[in-house]
Number of protein chains: 2
Amino acid sequence: MANTKRTHVLQFAVLGLLHEGPLHGYELRKRLNGVLGTFRAISYGSLYPCLKDMLATGLIAEDGPADAGAPALTGRRARIVYKLTAEGKDKFQQWLADAGPDAYEDDLFGVHLAFFGRTDRDIRLRILLGRRNRLEERMATLRSNLAKRRERLDEWTLTLQQHGLDSVEREVDWLSTLINQEIDGTPPSTKSTGTEPASK
Amino acid sequence: MANTKRTHVLQFAVLGLLHEGPLHGYELRKRLNGVLGTFRAISYGSLYPCLKDMLATGLIAEDGPADAGAPALTGRRARIVYKLTAEGKDKFQQWLADAGPDAYEDDLFGVHLAFFGRTDRDIRLRILLGRRNRLEERMATLRSNLAKRRERLDEWTLTLQQHGLDSVEREVDWLSTLINQEIDGTPPSTKSTGTEPASK
DNA sequence: GTTAGCATGTAAGGAGTTACATGATTTT
DNA sequence: AAAATCATGTAACTCCTTACATGCTAAC
């Protein structure tokens with residue numbers, strides 16, 4: 001049986017970027033930062049084998065040099081431009097429609113959110129709720145651990161854990177805002193949630 | 001040539017825990033959560049080979065069954081209790097004294113902080129400053145990216161990046177508090193920055 | 001008498017990195 | 001002529017996880 005497992009965040013991200021138009025590896029890699037976590041720079045040693053794999057699986061194909069999107073390429077080294085195949089588009093749609101656990105676990109969630117513009121509203125809502133739920137579970141665990149061990153931990157460990165807890169709390173707040181906006185149809189705000197909230 | 005590279009957060013954490021007294025693998029693993037990121041549960045498939053390795057390198061040794069710390073162990077399966085060797089203690093001290101980049105990069109920073117109780121005050125300060133610096137660099141990059149691309153990104157990507165930025169900002173604030181306390185000698189506060197007053 | 005928890009371990013594999021190998025073109 | 005940037009790719013290695021293999025004891 002063909003191993004269809006491949007959750008592979010990277011593949012998802014590549015499909016999403018290629019969904020906007022054909023690209024070659026070098027360019028793809030640069031744009032990957034925006035889609036993957038803000039600070040992830042994927043290396044070529046990771047990307048090229050991935051593309052190779054996707055080509056072999058038929059998710060992408062080499063694009064004939066119909067230089068539509070590419071801005072005035074002169075000689076340079078022969079670049080290989082990839083585009084989505086029908087199967088690739090299909091796969092991407094499947095991914096977009098998945099609101100299961102895979103969609104709100106850490107890494108995956110960020111990528112899903114990056115493609116929310118192309119995700120159905122009800123799927124979006126389910127992913128956001130799933131994510132918030134997961135975080136709330138974590139918070140509960142953390143709080144009970146903290147309460148139990150409070151005396152046995154030194155101050156540094158405590159501050160660290162407290163900061164972690166605060167972080168998760170703030171992500172939950174952020175999600176709640178998004179969820180509410182999603183429910184009453186307001187587009188998401190770009191405003192900072194942070195530093196100078198005025199109400200305390 | 002003997003590859004002495006091994007930065008290995010895990011080894012550092014194990015040394016730190018063993019520094020308080022001999023422990024066996026199973027117990028070690030449970031305590032690792034507290035020291036590593038709050039949500040990292042290291043698996044046995046990772047821990048046991050690591051212990052094996054450290055044993056081979058001479059950082060730890062099997063402890064004779066002088067059941068000092070262990071509470072009333074009856075039969076059970078033969079557990080293997082490890083203790084630090086002189087080299088292990090040495091290695092740990094070296095690690096504690098390291099205020100270089102390794103000490104404030106993501107994973108490593110958390111572990112270092114967990115052992116701050118056994119770290120010299122000036123080293124602590126340098127690590128905190130190094131960490132804050134790194135985060136401020138990131139913030140600068142992020143902000144300029146955000147400013148440059150603001151128009152070309154959809155609202156979801158923007159909120160995501162904004163939330164990321166806010167997160168980093170708050171970590172910087174937290175670090176600044178710790179740094180100030182470190183400078184004027186106040187012990188770190190356990191109080192939450194957030195949501196609840198938390199006297200219990 | 002079976003399930004849950006204690007306890008140690010290995011094999012296979014997934015997801016990524018660094019370092020290397022190659023080579024063209026543009027800028028200094 | 002050297003350096004920077006563009007561009008693709010492989011090999012070896014790291015660090016981790018899952019799934020398996022083993023077996024003991026306590027509790028239900």
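Values below: every heavy atom of this structure, side chains too, minus hydrogens, waters and symmetry copies. Proteins get letters first, then strands, A, B, ... in listed order; numbering begins at 1 in each.
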- If you check every side-chain atom of Tyr48(A), which of dG16(C), dT8(D), dC16(D) has the closest atom? dT8(D)
- Item | Separation of dC16(D) P from Asp106(B) CG (nearest whole Å) | 14 Å
- Leu108(B) CG to dC15(D) C1': how many Å, rounded? 13 Å
- Item | d(CD, Glu105(A); P, dG14(C)) in whole Å | 19 Å
- Item | Atom-to-atom span, CE of Met54(B) to C1' of dC15(D) - whole angstrom | 15 Å
- Message: Looking at Ser43(A), I'd like to know whether one of its side-chain N or O atoms comes within less than 4.0 Å of OP1 or OP2 on dT17(C).
- Response: yes
- Query: Tell me: CD of Glu62(A) to C1' of dT8(D), nearest whole Å?
  - Reply: 12 Å
- Query: Roughly how many Å is it from CZ in Arg79(B) to C1' in dG9(C), rounded to a whole number?
  - Reply: 17 Å
- Look at Ser46(A) and dT17(C) and indicate whether a side-chain polar atom (N or O) is within less than 4.0 Å of OP1 or OP2. yes
- Message: My understanding is that only residues two or more places apart in sequence, or in another chain, count here; which of them pass side-chain contact (heavy atoms from CB on, under 4.5 Å) with Ala103(A)?
- Response: His112(A), Ile127(A)
- Among all residues two or more places apart in sequence or in another chain, which pass the ring pair (Phe, Tyr, Trp, His ring centres under 6.0 Å) test with Phe116(A)? Trp156(B)
- Query: So, Ser176(B) and Arg132(B): side-chain donor and acceptor under 3.5 Å apart, yes or no?
  - Reply: yes
- Query: Applying salt bridge (Lys or Arg N to Asp or Glu O under 4.0 Å), which residue pairs with at least one partner in residues 40-49 of chain B are found, sequence neighbours left out?
  - Reply: Arg40(B)-Asp107(B)
- Using whole Å, report how far CG of Leu51(B) lies from P of dA7(C). 14 Å
- Query: Which of residues 20-30 of chain B sit near DNA chain D, with a heavy atom under 4.0 Å from it?
  - Reply: none
- Query: dT14(D) C1' sits how many Å from Ile42(B) CD1, rounded?
  - Reply: 13 Å
- Note on the structure: For Arg118(B), the side-chain contact (heavy atoms from CB on, under 4.5 Å) test, sequence neighbours excluded, returns His19(B), Glu20(B), Phe92(B), Leu96(B), Phe115(B)
- side-chain contact (heavy atoms from CB on, under 4.5 Å) filter on Asn133(B), not counting sequence neighbours, yields Glu137(B)
- Item | Listed nucleotide nearest any side-chain atom of Tyr44(A), set dC6(C), dT8(D), dC16(D) | dT8(D)
- Task: Classify the side-chain pair Gln162(B)/Asp166(B) by whether it contains a donor and acceptor separated by less than 3.5 Å.
- Result: yes
- Presence of Lys52(B) side-chain N/O under 4.0 Å of dT8(C) phosphate oxygens OP1/OP2: no
- Item | Candidate nucleotides dC15(D), dG9(D), dA15(C), ranked by approach to the side chain of Ile80(A) - the nearest | dG9(D)
